[in-house]
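For reference, the structure is listed below as structure tokens.
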Amino acid sequence: MNQNNLTTQTREPDMALVAERLTHLLPSLLTCNDARTSAAELIPVLKAPADPVWIMARIASLLHPYFEKDTPQGIRKMEAEDWAYAFEGLPKWAIDRAVRWWKSSDNPKRRGRPVEGDIVERVLVEMKFVRNAEAGLNMPTAGRIASQTVTRVAPDAGMKARADAIMAGFNTGKRT
């Protein structure tokens, strides 16, 4: 990713499709080997940590309306370090969704200045389906997968083609 491009739109549509695909697979994780394999490929994509430079820019944009002009620069630097520490290892798409939620009309506390824990808590809400998929993969399947030939409902061809194209981009290092 080009670090000079700090916009949030760079990969959000791709990640939305990956998230949709993983969510679609959740009910089949205990009974379908193909679903388990696909989920195991998608989870690391969804958990990929955000670039620290992007994180700091995103947090600065979130906190900008709350900055007090009399705050010493040293204090702001300490605050920035606290935010960076709290967000270390979190994925960009989930941070972005959490920040947007904080600022939205869905959040009754949106008029108050958030602290690190407020946004991290929402990141965890946004990532719940990823944790559910990980838990599904960690559950034993003994006796649940009868054979390699499992009857499956065919997914929407358009959605499957888009998801396959996205995954191909990750496998080759190119982004679609």
Problem set entry | Side chains of L137 and I43 in contact at under 4.5 Å (non-hydrogen atoms) | yes
Problem set entry | Sub-4.5 Å side-chain heavy-atom contact between V125 and W101 | no
For this session: Verify, without hydrogens or angle tests, whether R110 (side chain) and N107 (backbone) share a donor-acceptor contact under 3.5 angstrom.
Result: yes
Exercise. Do the non-hydrogen side-chain atoms of E41 and V45 ever get within less than 4.5 Å of each other?
Worked result: no
Problem set entry | Atom of S61, atom of P65 and distance for their closest heavy-atom approach | O-CD, 3.8 Å
For this session: For residues R131 and L124, report the shortest heavy-atom separation together with the two atoms involved.
Result: NH1-O, 2.7 Å
Exercise. Under a 4.0 Å N-O cut-off, is there an ion pair linking R122 with D118?
Worked result: no
For this session: Return the minimal non-hydrogen interatomic distance between K92 and A50, and the atom names on each side.
Result: N-CB, 3.5 Å
Exercise. Would you call R58 and D96 a salt bridge, using N to O less than 4.0 angstrom?
Worked result: yes
Seminar exercise, completed: For L62 and P114, the nearest pair of non-hydrogen atoms, with its separation, is CD2-CG, 3.8 Å
Exercise. Do I119 and W83 touch side chain to side chain, with heavy atoms closer than 4.5 Å?
Worked result: yes
Problem set entry | CZ on F129 to NE2 on H24, rounded to 0.5 Å | 14.0 Å
For this session: Carefully, step by step, assess L25 and D34 under the rule side chain to side chain contact (heavy atoms under 4.5 Å, CB included).
Result: CA-CA 9 Å; L25 293 171; D34 289 342; over 6 Å; no
Exercise. Between V18 and W93, does a side chain to side chain contact (heavy atoms under 4.5 Å, CB included) hold up when you go through it step by step?
Worked result: CA-CA 11 Å; V18 175; W93 67 270; over 6 Å; no
Exercise. Any side-chain heavy-atom pair from P49 and L90 closer than 4.5 angstrom?
Worked result: no
Exercise. How about E81: does its CD atom have over 12 heavy atoms from other parts shown lying under 6.0 Å from it?
Worked result: yes
Problem set entry | Nearest atoms (heavy-atom pairs only) where R36 meets G136 | NH1-O, 3.3 Å
Seminar exercise, completed: When rounded to the nearest 0.5 Å, the distance separating OG1 of T71 from CE of M78 is 12.0 Å
Problem set entry | Rounded distance (nearest 0.5 Å) linking atom CD of E121 with atom CD of E116 | 13.0 Å
Seminar exercise, completed: Here the pair of heavy atoms bringing A39 nearest to L29 is CB-CD2, 3.6 Å
Exercise. What distance separates L17 CG from L22 CG, expressed to the nearest 0.5 Å?
Worked result: 12.5 Å
Seminar exercise, completed: CG of L42 to CE of M15, rounded to nearest 0.5 Å, is 9.0 Å
Exercise. Less than 4.5 Å apart, any side-chain heavy atom of W102 and any of K109?
Worked result: yes
Exercise. Would E79 and R113 satisfy salt bridge (Lys or Arg N to Asp or Glu O under 4.0 Å), going step by step from the backbone distance to the final call?
Worked result: CA-CA 13 Å; E79 287 178 340; R113 182 183 193 270; 3.5 Å; yes
